[in-house]
**Q** 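Below is the structure I would like to discuss, written out as structure tokens.
It should be emphasised that the depicted structure is a prediction, and the values quoted were computed from it without experimental measurement. When a residue number appears, it is its place in the shown sequence, counting from 1.
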Amino acid sequence: MKNQISALIANDAGEIFDVPDAEGVGRVGEQFFKLKPEDLIKLPDSADLMFLPDRKAVGFRRGEFVTLKGRAVSAILPQGYTRTHLPAFQKNPHAKILPLYGYTAVVLYKNELHAAALYTDENFKWDPQNYNTRDLKKFIRRVKKDLPDNRIVAQVAKCSLEWHCLTAQNLFYRRWECGVPTSPKCNANCLGCISLQQSECCPSPQSRINFVPTVEEISDIGIYHLTHAPEGIISFGQGCEGEPSLQAEKICAAIKKIREKTSRGQININTNAGFTAGIKKIVDAGLNSMRVSIISANDENYQKYYRAGYALDAVKNSVLYALDKNVHVSLNLLYMPGFNDRVNEFDAWEKFLEELPVQMIQVRNLNYDPDEFFSVMSQDKNFLGTKKFLRELQKNFPTLTIGNFSHYVI
């Protein structure tokens with residue numbers, strides 16, 4: 001039937017098929033739900049499809065959830081979209097942990113692929129069609145010529161070509177937000193860290209820098225990008241590094257040099273904000289915006305994910321200091337359906353936002369194996385659902401911007 005929501009499966013060759021006699025299913029937390037039309041959007045053109053190894057698809061047939069004879073299929077969404085349901089699957093007992101991607105339920109509906117997701121932010125600047133163009137290598141050569149022997153340029157060139165990092169590529173395209181990695185060390189040990197994982201876990205999708213840049217290397221890139229780029233942002237704290245505030249002295253000195261040369265653009269830090277002394281120095285040096293990585297406003301759950309050498313109170317102190325100094329503060333909310341939208345998590349967020357009125361929440365699909373995640377976090381079936389969670393946040397905090405990525409705020 002044309003209007004039926006049909007489950008998808010993949011064969012061993014990776015070919016994807018619909019299952020007409022099984023309805024599509026999504027997962028929230030550890031519960032399965034039959035998907036409804038209002039749960040779905042057309043699969044974005046720039047989304048990817050993946051089959052999940054050693055995991056059988058689950059569908060709904062004759063009134064019950066059943067395991068299907070085929071591998072589970074997932075969508076990987078571009079930025080600007082927030083998933084509402086995870087893929088439904090039955091895992092083989094010997095299955096290995098999944099690679100670090102944000103897995104989303106995908107089905108066939110009205111003869112087209114649909115994903116269980118919401119469109120939550122304008123994404124032209126992050127549309128994949130604007131990246132990995134034919135001219136990229138030429139632009140990389142241009143910047144290497146303009147900034148010879150700069151190790152950060154060499155690092156972000158590698159990030160651009162090997163890992164297709166968008167903030168890295170923006171340096172060479174001379175536009176928008178540009179990543180400036182500075183720190184090989186971190187003060188947390190996150191479950192889903194994308195640059196450093198234990199060997200027995202899933203492989204990291206990119207490698208961390210192994211050097212500390214000089215003040216001149218940092219400031220030269222900052223001056224170069226902010227001078228050339230429309231709506232230019234330089235951002236400390238990238239996927240290929242640890243915690244940037246651990247290099248506060250060098251970043252502060254670099255900010256001073258940058259602002260001696262240009263007042264253009266925005267200076268941003270992406271941080272866990274756990275090293276409050278370093279954050280205070282960087283704020284005082286002239287920081288414009290700060291994006292704080294966070295998964296929970298509940299101390300116990302925060303520590304289960306970050307496994308950090310600091311407490312959540314340190315993060316709150318850093319945020320409060322930045323707000324008091326008129327820095328634009330966003331929360332980079334690492335989102336997993338069935339966790340962040342739990343009732344007790346929502347209650348904690350209300351208290352957090354009443355105490356710390358940040359300007360924005362950037363909802364980011366957490367790139368981590370759902371089974372592994374929920375094996376660490378305690379089970380709780382009392383959740384709101386993604387749509388209601390976001391709707392209630394907006395209702396209770398009407399001045400709060402809810403989106404997916406950093407906006408130009410200068």
Side-chain angles (χ1 to χ4, degrees), residues 5-19 21-35 48-77 83-108 115-116 189-194 196-205 295 300-301 303-307 334-342 365-383:
I5 299 171
S6 298
L8 298 178
I9 59 171
N11 62 18
D12 292 342
E15 298 172 311
I16 296 172
F17 304 89
D18 66 299
V19 184
D21 67 342
E23 296 179 72
V25 175
R27 170 181 167 183
V28 179
E30 298 190 293
Q31 293 181 252
F32 293 151
F33 293 88
K34 187 171 71 168
L35 291 170
D48 292 318
L49 292 178
M50 291 186 176
F51 69 81
L52 305 184
D54 298 316
R55 289 156 176 86
K56 292 288 185 68
V58 169
F60 190 80
R61 181 188 288 146
R62 292 189 286 276
E64 62 179 348
F65 297 108
V66 295
T67 302
L68 304 175
K69 294 181 179 180
R71 294 180 177 181
V73 180
S74 170
I76 309 299
L77 300 174
R83 65 185 172 188
T84 60
H85 294 72
L86 304 161
F89 56 79
Q90 185 65 45
K91 186 171 72 171
N92 181 310
H94 305 293
K96 294 181 179 179
I97 186 171
L98 290 169
L100 296 173
Y101 291 104
Y103 301 98
T104 303
V106 60
V107 293
L108 186 71
N189 182 27
C190 301
L191 286 177
C193 180
I194 61 174
L196 189 64
Q197 287 289 342
Q198 299 174 357
S199 58
E200 65 270 17
C201 179
C202 43
S204 301
I295 197 167
E300 181 181 358
N301 286 336
Q303 280 297 340
K304 284 180 179 179
Y305 180 81
Y306 284 90
R307 302 179 295 188
L334 305 177
Y335 192 79
M336 181 72 78
F339 172 72
N340 314 80
D341 56 332
R342 291 174 178 175
N365 299 316
L366 176 60
N367 294 340
Y368 201 63
D369 185 318
D371 282 339
E372 292 294 319
F373 179 83
F374 288 108
S375 72
V376 173
M377 300 298 179
S378 58
Q379 296 186 26
D380 187 340
K381 297 181 179 180
N382 192 15
F383 50 79

**Q** Please collect all side-chain hydrogen bond (donor to acceptor under 3.5 Å, both in side chains) contacts where either partner lies in residues 60-74, sequence neighbours excluded, each pair once.
**A**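 For residues 60-74, and leaving out neighbouring residues, the side-chain hydrogen bond (donor to acceptor under 3.5 Å, both in side chains) pairs sorted by first residue read D21-R61.
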
**Q** Given side chain to side chain contact (heavy atoms under 4.5 Å, CB included), test L86 with V28 step by step and report yes or no.
**A** CA-CA 6 Å; L86 304 161; V28 179; over 6 Å; no

**Q** Report yes if the side chains of N301 and Y306 come closer than 4.5 Å at any heavy-atom pair, otherwise no.
**A**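 Side chain of N301 against side chain of Y306, heavy atoms only: no contact under 4.5 Å found.
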
**Q** Would you say that F32 contacts F60 through its side chain, given a criterion of any heavy-atom pair below 4.5 Å between the two side chains?
**A**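 The answer is no, as the side chains (C-beta and beyond) never meet within the 4.5 Å cut-off.
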
**Q** Which atom pair, heavy atoms only, marks the closest approach of V73 to A10?
**A**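 Here V73 and A10 meet closest at CG2-N, 3.7 Å.
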
**Q** Can you list the residues that meet the ring pair (Phe, Tyr, Trp, His ring centres under 6.0 Å) rule with F33, with sequence neighbours excluded?
**A**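 Expected list: none.
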
**Q** Please give me the minimum heavy-atom distance between C193 and L100, naming the atom from each residue.
**A**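 What the structure gives for the nearest pair is O-CD1, 3.4 Å.
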
**Q** State, to 0.1 Å, how close V107 and G24 come at their nearest heavy-atom pair, and which atoms those are.
**A**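 Result for this residue pair: CG1-CA, 3.7 Å.
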
**Q** Checking side chain to side chain contact (heavy atoms under 4.5 Å, CB included) for the pair I76/T104: CA distance, chi angles, key distance, verdict?
**A** CA-CA 6 Å; I76 309 299; T104 303; over 6 Å; no

**Q** Just verifying a value: how many Å separate F17 CZ and S6 OG, rounded to the nearest 0.5 Å?
**A**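 The distance works out to 14.5 Å.
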
**Q** Which distance, rounded to the nearest 0.5 Å, do you find between the CG of N189 and the CG of L191?
**A**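 The CG atom of L191 is 8.0 Å from CG of N189, to the nearest 0.5 Å.
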
**Q** Under the side-chain hydrogen bond (donor to acceptor under 3.5 Å, both in side chains) rule, what pairs show up with a residue in residues 84-100, not counting sequence neighbours?
**A**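 Residue pairs with at least one partner in residues 84-100: there are none.
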
**Q** Flag the pair E372 / L98 as yes when at least one side-chain heavy-atom distance between them is below 4.5 Å, and no otherwise.
**A**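 SC-SC contact between E372 and L98 ruled out.
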
**Q** Restricting to side-chain contact (heavy atoms from CB on, under 4.5 Å), what partner residues turn up for Q379, sequence neighbours left out?
**A**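 E30.
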
**Q** Side chains of L366 and R83: does their closest heavy-atom pair fall under 4.5 Å?
**A**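 Yes. Closest side-chain heavy atoms under 4.5 Å.
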
**Q** D380 vs F339, test: side chain to side chain contact (heavy atoms under 4.5 Å, CB included). Steps then yes/no.
**A** CA-CA 8 Å; D380 187 340; F339 172 72; over 6 Å; no

**Q** Grab the two heavy atoms, one from A22 and one from L68, that are nearest each other, plus how far apart they are.
**A**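 Nearest heavy atoms, A22 then L68: CB-CD2, 3.9 Å.
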
**Q** Answer yes or no: is there a donor N or O on one side and an acceptor on the other, between the side chain of N340 and the main chain of M336, under 3.5 Å?
**A**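 Yes.
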
**Q** Is there a donor-acceptor pair under 3.5 Å between the side chain of N367 and the backbone N or O of G102?
**A**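 Yes.
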
**Q** Is there a side-chain contact between D369 and Y103, using heavy atoms and a 4.5 Å cut-off?
**A**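 No, side chains not in contact.
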
**Q** Considering only heavy atoms from C-beta outward, does the side chain of R27 approach that of P370 to under 4.5 Å?
**A**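 R27 reaches P370 side chain to side chain.
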
**Q** Indicate the atoms forming the closest heavy-atom contact of F89 with A72, along with that distance.
**A**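 That closest heavy-atom pairing would be CB-CB, 3.6 Å.
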
**Q** Please find the pair of heavy atoms, one from G26 and one from A105, that lie closest to each other, and give the distance.
**A**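 Of all heavy-atom pairs spanning G26 and A105, the closest is CA-CB, 4.1 Å.
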
**Q** Side chain to side chain contact (heavy atoms under 4.5 Å, CB included) for L35 and V25? Distances and angles first, verdict last.
**A** CA-CA 5 Å; L35 291 170; V25 175; 5.7 Å; no

**Q** Report the residues that fulfil ring pair (Phe, Tyr, Trp, His ring centres under 6.0 Å) with F51, sequence neighbours left out, ordered by chain and then residue number.
**A**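 So F51 forms no ring pair (Phe, Tyr, Trp, His ring centres under 6.0 Å) with any residue.
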
**Q** Which label fits Y305 and F373: parallel for a plane angle under 30°, tilted from 30 to 60°, or perpendicular past 60°?
**A**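 The arrangement is tilted - the two ring planes meet at 30° to 60°.
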
**Q** Got a sec, which residues hit side-chain contact (heavy atoms from CB on, under 4.5 Å) with S378, two or more places apart in sequence or on another chain?
**A**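 If we apply the side-chain contact (heavy atoms from CB on, under 4.5 Å) test to S378, skipping adjacent residues, the hits are K304, R342.
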
**Q** Can you check whether I9 reaches I16 side chain to side chain, under 4.5 Å on heavy atoms?
**A**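 With C-beta onward as the side chain, the pair stays apart.
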
**Q** Does the side chain of L108 reach to within under 4.5 Å of the side chain of L8, using non-hydrogen atoms?
**A**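 The answer is yes, as the side chains (C-beta and beyond) meet within the 4.5 Å cut-off.
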
